Amino acid sequence: LALGLAGTFLAARRLGCSRSASIFATFAFMFSSWFVARIAAGHTTFFSFALLPFVFLFYLNSASAEGLAHRIRWVVAASAVLALMFLSGGIYPFYAAVAFLAFYSLLDALAAKRLAPVFVVAAILALALLLSSVKLLPVLDFTSGISAEKDVQLISAKIVFKSLVSRDQSLVGNDVETGRDLVPEGRQKELAALAGKVAWGWHEYSAYAGLIPLLLAALSLIILKKAWKLMASAVFFLAVALGNYLPFGPWQLLRELPFFSSLHGPSRFMVVFVFLVSLLAAKSLSSLRVSKSDTVKAAAIIILAVIVAADLVLVSRPLLHDAFPRQPLDIKSTNLGQPEFIQMLTSAPYLSQYPNLLQGIGTLNCYERLHLKIRAAPQFVDGIPYDGFIGNAYIAETNQSLNFTRFSPQRISVKLPEIGSESTLVINQNYYKGWNANGKAAQSFSGLLSARVAAADSGREITFNFSSQLFVIGAILSIITSVAALLTFWKPS
C-alpha cells in the first residue's frame, strides 16, 4: 500500500499535477476496492500492481532524459521494478505493465513521429527479462510443453459498470448475484466455463473507483488536450477489461501475442484502467480554476481527496468482513511422519486441498492451471482406497512395494531389497527432466520417475536428486546483468 501510494504520487507529479491533486490520485488508485478485494481473496500475487506507477514513472523519465547515461539509468530502474513484478509471482501485473508500456510508447512514438519511445520500452523489457533469468528460463522450459486449462471469464458491460461504481462490492453477495453458485459442479459447469457462462468470484471484478474520480477523468476529455495519451490508454484498457463481450476488441488481439495467449482473466486489466483514471482525475483537478488563491485551491482539492478516500474506505472495508469469517480449521496431522506420505485424488480439490495439506496429505489434482499430466496413482480417491495404487516406490517387474528412507521435493531415497536381475525402480511421482538417480539420468516409466537397477545394487540406497541446469544458467545471467546494471549508477570521481 505504501509503495503504491508513493509511486502514484510521484507519477502524478511527473505528469505535471499539483501536490494536492497528486495526493488525490494516490487515494483514488490504492484505496480502490481492487486492492482490498485481492487481500480478501488472498491473491498476494496481485499486490505487485502497486509497483505499476513506478514502472510508468521510470519510463517517462527514461523517455525524456537528456544524455545517454541518464536515459540508461532510468531504463535500468524501470527494468528492475518490472523484474521484481515477475520474480514476486505477479504474472498478471507483469503482463499488464508490459502491455501498458508498449501501448503508451506507441502513442509517444506517434506524437513524436519517431520510434525512440518504442526502443526505450524494448530495452526495458529486454533488461527486465535478463534480470529475472533465474526464474524466467526454468518457467519457459516448463511451460513450453504444457497447455493451460481452457476457460473463459464471464464478462459484460453491466458487470464492469457495477464493479466500478456500485457501492455494494460484497464478495459473497455479488458471487450469488452473478450466478457463480448456480451452475452445478461437473461436466455441465466445465462446458459452461468453456463457453464463458460461469462468473468468477467477485474479487476478480471488484474495482470500485467512485463517481467523483470517474467524473473528473471524464471531464479531462473536455478540458485537457495534452493528456490524450492517458485518455487513449484508459479507453484501451477498459476495452481490454471487457474481454470477449466485445466481439472484436483488444482482448482478442492481445491474446494473439506470444505468452499472452495463456491469459484468461480480462477483468484483471481493470487495475490499469483505475490507475489511469486516478491520473486523469488529478490532471483535471490541477487544471480547474477553483480560486485565484493557490492555497484555497489546494485546500479544496485536499478536502475532495479526503471525501473520496472516505468513500473508498467505506466501500472497501466491508470486503474484509467477507474474507475472514471462519474459524481456523481444527485438523490434526496424520502423524505418519517422514518419509512416508499419502497422495489422494479428490472430486472437490478447491475444498479439500488445504485441509489435506494440514494433514500431511498430497492432493494429486490440486488446483493449478499449468501442471504436468497426472501419472502418479493415488492411494485414496475421496477417502476410499484405490486398487491401482502399488506403493510410493516399487519394483515394476514384481510390483514389490518399497518404503522411502528420505523424501523431499528434490531428494528421494529408497533402500533396495534383494533383486535377482536388472529391474526398474519406480517412484510414484510424475516424471520431469532434471532428475538423476545416484548420479545417472533418471528415466520415465509410463510418466513416472524411475531408474534401472541391477542385482549388484541389492541392499543399496538409491537416491534421486533434482537439479535444473537452466536455473543455474539463469542465476548466472541474473547475477551478471544485476552487476552490469548497478555499474550504470557508478560515477567515478
Side-chain angles (χ1 to χ4, degrees), residues 87 89 132-146 333-334 336-344 353 356-357 360-366 368 370-379 389-419 421-480:
L87 292 171
S132 55
S133 293
V134 62
K135 180 177 180 178
L136 177 66
L137 294 185
V139 165
L140 291 178
D141 183 57
F142 179 77
T143 57
S144 60
I146 298 176
S333 171
T334 53
L336 292 176
Q338 291 291 355
E340 293 305 310
F341 65 98
I342 293 174
Q343 296 185 101
M344 182 182 292
Q353 64 188 37
N356 285 350
L357 173 68
I361 297 174
T363 306
L364 282 177
N365 59 330
C366 67
E368 175 56 55
L370 294 172
H371 58 82
L372 298 172
K373 189 170 183 179
I374 299 174
R375 299 292 189 178
Q379 190 169 349
F389 177 77
I390 301 172
N392 289 323
Y394 57 91
I395 302 298
E397 288 73 14
T398 62
N399 281 353
Q400 180 182 358
S401 180
L402 307 175
N403 293 323
F404 293 149
T405 56
R406 182 189 296 111
F407 177 83
S408 73
Q410 290 180 265
R411 188 177 177 88
I412 302 172
S413 296
V414 179
K415 188 173 183 180
L416 286 177
E418 291 294 326
I419 52 177
S421 58
E422 188 176 17
S423 305
T424 304
L425 171 61
V426 180
I427 306 297
N428 189 35
Q429 294 288 297
N430 299 322
Y431 172 80
Y432 184 68
K433 57 189 174 183
W435 283 96
N436 67 77
N438 283 10
K440 297 181 180 180
Q443 302 169 359
S444 172
F445 179 83
S446 299
L448 299 177
L449 178 61
S450 72
R452 295 291 291 175
V453 292
D457 295 319
S458 297
R460 291 181 58 193
E461 187 175 71
I462 306 298
T463 299
F464 293 80
N465 286 290
F466 176 81
S467 61
S468 171
Q469 290 184 346
L470 286 175
F471 174 81
V472 176
I473 295 172
I476 294 172
L477 281 175
S478 291
I479 292 171
I480 292 173

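Along the sequence shown, the residues carry numbers beginning at 1. All values reported here derive from a predicted model rather than from experimental measurement.
Here the shortest heavy-atom pairing between N392 and F404 reads O-CZ, 3.4 Å.
Rounded to the nearest 0.5 Å, atoms CG (L425) and CG (L416) are 5.5 Å apart. Going from atom CD of E461 over to atom OG1 of T405 covers 3.5 Å, rounded to the nearest 0.5 Å. Note that the CG atom of N356 and the OG1 atom of T363 stand 3.5 Å from one another [nearest 0.5 Å].
With sequence neighbours excluded, the residues that form a ring pair (Phe, Tyr, Trp, His ring centres under 6.0 Å) with F142 are Y432. In this structure Q469 satisfies the side-chain hydrogen bond (donor to acceptor under 3.5 Å, both in side chains) test with no other residue, sequence neighbours excluded. For K433, the side chain to side chain contact (heavy atoms under 4.5 Å, CB included) test picks out D141, Y431, with sequence neighbours left out. For Q353, the side-chain hydrogen bond (donor to acceptor under 3.5 Å, both in side chains) test picks out no residue, with sequence neighbours left out. Considering only residues two or more places apart in sequence or on other chains, N428 meets the side-chain hydrogen bond (donor to acceptor under 3.5 Å, both in side chains) condition with none of them. Under the side chain to side chain contact (heavy atoms under 4.5 Å, CB included) criterion, Q379 pairs with I342, F389, not counting sequence neighbours. Contacts of R452 classified as side-chain hydrogen bond (donor to acceptor under 3.5 Å, both in side chains), with partners at least two apart in sequence or in another chain: E397, T424. With sequence neighbours excluded, the residues forming a side chain to side chain contact (heavy atoms under 4.5 Å, CB included) with L87 are S132, V134, K135, listed by chain and number. By the side chain to side chain contact (heavy atoms under 4.5 Å, CB included) test, L364 is found to be paired with Q343, L345, I374, A376, P378, residues two or more places apart in sequence or in another chain being considered.
L402 has its side chain within reach of I395: a pair of non-hydrogen atoms, C-beta onward, lies under 4.5 Å apart. Side-chain contact between S423 and V453 is present, with heavy atoms from C-beta onward closer than 4.5 Å.
The main-chain N or O of S133 is found under 3.5 Å from a side-chain atom of S478 such that the two form a donor-acceptor pair. The backbone N or O of I419 lies less than 3.5 Å from a partner atom in the side chain of S458, making a donor-acceptor pair. In this structure, the side chain of N430 engages the main chain of R375 through a donor-acceptor pair within 3.5 Å.
Residue pairs meeting the salt bridge (Lys or Arg N to Asp or Glu O under 4.0 Å) criterion with at least one member in residues 409-419: none, sequence neighbours excluded. Applying the ring pair (Phe, Tyr, Trp, His ring centres under 6.0 Å) test to pairs two or more places apart or on separate chains, those with a residue in residues 456-479 are W435-F466.
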Report all side-chain donor-acceptor pairs from residues 437-450 shorter than 3.5 Å, counting only partners two or more places apart or in another chain.
residue: N438; atom: OD1; partner: T463; partner atom: N; Å: 2.8
residue: S444; atom: OG; partner: G447; partner atom: N; Å: 3.2
residue: S450; atom: OG; partner: Q443; partner atom: O; Å: 3.1

